[in-house]
Number of protein chains: 2
Amino acid sequence: MKLSDGVEWALHVTTLVAFVPADQAVPAARLAEYHGVPAAYLAKHLQALSRAGILEAVPGPHGGYRLARPAAEVTVLDVVEAIDGTESAFVCTEIRQRGPAAGPPSDYRVPCGIHRVMNRADRAWRDSLRAVTIAEIAEGVVATSPAHRIEAGARWMEEVLR
Amino acid sequence: MKLSDGVEWALHVTTLVAFVPADQAVPAARLAEYHGVPAAYLAKHLQALSRAGILEAVPGPHGGYRLARPAAEVTVLDVVEAIDGTESAFVCTEIRQRGPAAGPPSDYRVPCGIHRVMNRADRAWRDSLRAVTIAEIAEGVVATSPAHRIEAGARWMEEVLR
DNA sequence: GTCCCTATACTCGGATAGCAAGTGTCCGAGTATAGGCGG
DNA sequence: CCGCCTATACTCGGACACTTGCTATCCGAGTATAGGGAC
């Protein structure tokens with residue numbers, strides 16, 4: 001079980017976009033070059049974020065992407081689910097109801113115990129991701145990076161928004 | 001992100017094997033037919049469980065698989081990791097250190113905030129799975145199934161161990 | 001009758017094809033802008 | 001000089017190949033048993 005690379009990209013991109021002024025936008029190509037990832041492929045994931053209502057796409061010249069709502073209202077889980085889907089990693093195929101010793105469906109009113117455990121774990125995972133917002137991630141970046149690093153990022157952003 | 005089907009099979013099989021007396025064993029082919037899954041493919045996963053020290057393989061006639069240690073000492077996480085591996089679903093590729101606005105590695109002494117959040121969620125998931133043992137799963141099956149279902153299972157087991 | 005030996009059949013174990021989902025890429029539809037033209 | 005129109009260039013959006021990892025399968029190595037033979 002490996003999480004798609006796109007999830008990591010989407011999280012970093014969303015964090016970066018959180019620093020874009022509300023009345024401006026950054027093109028997908030610039031976001032890609034900032035992170036050193038293939039532009040065409042990143043675009044695919046940006047579309048997913050747009051469909052999920054996390055990013056807002058602005059067409060035409062001076063267009064690009066920006067946050068569709070405040071960073072404090074976007075959780076890490078929102079981004080992960082936008083890329084990876086909302087369904088649980090574990091899918092119960094009810095194999096207990098198959099085979100020679102199985103009975104009619106009426107014998108299986110109670111959900112499979114294994115299913116319950118896996119679902120609880122999945123919920124714990126999602127709860128953990130839901131507890132953190134992109135705003136907090138962005139604050140953390142500023143708080144833990146050297147000053148000249150923040151400055152370099154700001155310069156890049158200014159250059160792009162020119 | 002989808003968890004391998006083999007994980008579900010392994011959990012059900014391990015639970016079933018928990019009912020096998022310590023001095024006997026059930027062949028892989030029987031375990032497969034009980035759950036209605038391809039025998040050749042299930043064998044692959046049984047090997048993984050064997051390598052992980054969860055099941056013990058007994059060769060030759062009257063051979064098969066049995067638990068390598070008490071069911072109360074086998075957690076759900078043990079089984080999941082035996083099939084799916086122990087590494088986290090999220091792999092941080094440090095894309096923050098790439099691109100035009102990046103600096104030298106010395107600027108990134110603090111771990112990536114996104115990485116930290118994802119790791120915490122992964123830990124929550126694993127903690128949740130570690131909290132439940134196969135013995136508890138087995139007890140749950142007995143407690144929630146109709147009496148005649150348990151009886152049918154016992155009959156099947158007796159037939160196989162004959 | 002008892003012990004030993006051998007052939008047998010049954011078990012696991014790793015090496016080998018097939019397929020689906022994620023990875024990576026491309027070109028077409030739509031829009032705000034910049035320049036030119038007419039008034 | 002001002003307003004309008006048109007051509008342009010830039011943006012996102014969805015449709016198209018490729019590759020890695022899971023899915024599925026097979027045959028070979030090893031072992032406890034069952035039967036037969038010798039003592």
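Keep in mind that the numbers below use all heavy atoms, side chains included, and drop hydrogens, waters and symmetry copies. By convention in this document, chain letters (A, B, ...) are assigned in the order of the sequence lines, proteins followed by strands, and residues within each chain are numbered from 1. Quick caveat: nothing in here was measured; it's all calculated off a predicted structure.
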Subject >> Student check: side-chain heavy atoms of V117(A) and L129(B) closer than 4.5 Å >> reply: yes
Original post:
So do the side chains of D84(A) and L3(A) get within less than 4.5 Å of each other, counting heavy atoms only?
Top reply: yes
Close N/O contacts between protein and nucleotides 11-13 of chain D (under 3.5 Å):
residue: dT11(D); atom: O4'; partner: G60(A); partner atom: O; Å: 3.1
residue: dC12(D); atom: OP1; partner: A28(A); partner atom: N; Å: 3.1
residue: dG13(D); atom: OP2; partner: Y65(A); partner atom: OH; Å: 2.9
residue: dG13(D); atom: N7; partner: Q47(A); partner atom: NE2; Å: 3.4

**OP:** Send over the distance from L3(A) CG to dT20(D) C1', rounded to a whole Å.
**Re:** 16 Å
Original post:
dT25(C), dT23(C), dA24(D): which one has an atom nearest the side-chain heavy atoms of P38(A)?
Top reply: dT25(C)
Subject >> Closest non-hydrogen atom pair between A25(B) and G64(B), with its separation >> reply: CB-C, 3.7 Å
Subject >> Separation of atom CE in M1(A) from atom P in dT23(D), rounded to whole Å >> reply: 13 Å
**OP:** Would you mind reading off the distance between E87(A) atom CD and dA21(C) atom P, rounded to a whole angstrom?
**Re:** 11 Å
Original post:
For DNA chain D, what is the dot-bracket line, given that a base pair needs Watson-Crick (N1 to N3, plus N6-O4 or O6-N4) or G-U wobble (N1-O2 and O6-N3) geometry with both distances under 3.5 Å, and | means paired with another strand?
Top reply: |||||||||||||||||||||||||||||||||||||||
Original post:
Does any non-hydrogen side-chain atom of V7(A) lie less than 4.5 Å from one of V79(A)?
Top reply: no
**OP:** For atom CD of E87(B), decide whether the heavy atoms of other residues, nucleotides or ligands shown that lie under 6.0 angstrom number more than 12.
**Re:** no
**OP:** Rounded off to whole Å, could you give me the CG-to-C1' distance for the D5(A) and dT20(D) pair?
**Re:** 12 Å
**OP:** Check R69(A), R130(A), R126(A) against D78(A) for a salt bridge (charged side-chain N to carboxylate O under 4.0 Å, His left out) and give me the one that passes.
**Re:** R69(A)
Original post:
How many Å lie between CG on L42(A) and P on dT25(C), as a whole number?
Top reply: 12 Å
Please set out all donor-acceptor pairs under 3.5 angstrom arising from side-chain atoms of residues 100-113 of chain B, sequence neighbours excluded.
residue: D107(B); atom: OD1; partner: H148(A); partner atom: NE2; Å: 3.1
residue: D107(B); atom: OD2; partner: H148(A); partner atom: NE2; Å: 2.9
residue: D107(B); atom: OD2; partner: R149(A); partner atom: NE; Å: 2.8
residue: Y108(B); atom: OH; partner: R96(B); partner atom: O; Å: 3.3
residue: Y108(B); atom: OH; partner: G103(B); partner atom: N; Å: 3.2

**OP:** Let me know the distance between CD of Q24(B) and P of dA32(D), rounded to the nearest Å.
**Re:** 16 Å
Original post:
Charged N to carboxylate O under 4.0 angstrom, R155(B) versus E159(B)?
Top reply: no
Original post:
If only side-chain N and O atoms of Y41(A) are considered, is one of them under 4.0 Å from the OP1 or OP2 phosphate oxygen of dT23(C)?
Top reply: yes
**OP:** Determine whether M157(B) and L16(B) make a side-chain contact, defined as any pair of heavy atoms from C-beta on separated by less than 4.5 Å.
**Re:** yes
Original post:
K44(A) has an atom NZ; how far is it from atom C1' of dT23(C), in whole Å?
Top reply: 9 Å
Would you be so kind as to tabulate the donor-acceptor pairs closer than 3.5 Å made by side chains of residues 35-51 of chain B, with sequence neighbours excluded?
residue: H35(B); atom: ND1; partner: L31(B); partner atom: O; Å: 3.1
residue: Y41(B); atom: OH; partner: H45(B); partner atom: NE2; Å: 3.4

Subject >> Contact residues, residues 6-19 of chain A to DNA chain D [heavy atom, < 4.0 Å] >> reply: none
**OP:** Write out all pairs satisfying salt bridge (charged side-chain N to carboxylate O under 4.0 Å, His left out) with one or both partners inside residues 10-30 of chain B, taking only residues at least two apart or from two chains.
**Re:** R30(B)-E33(B)
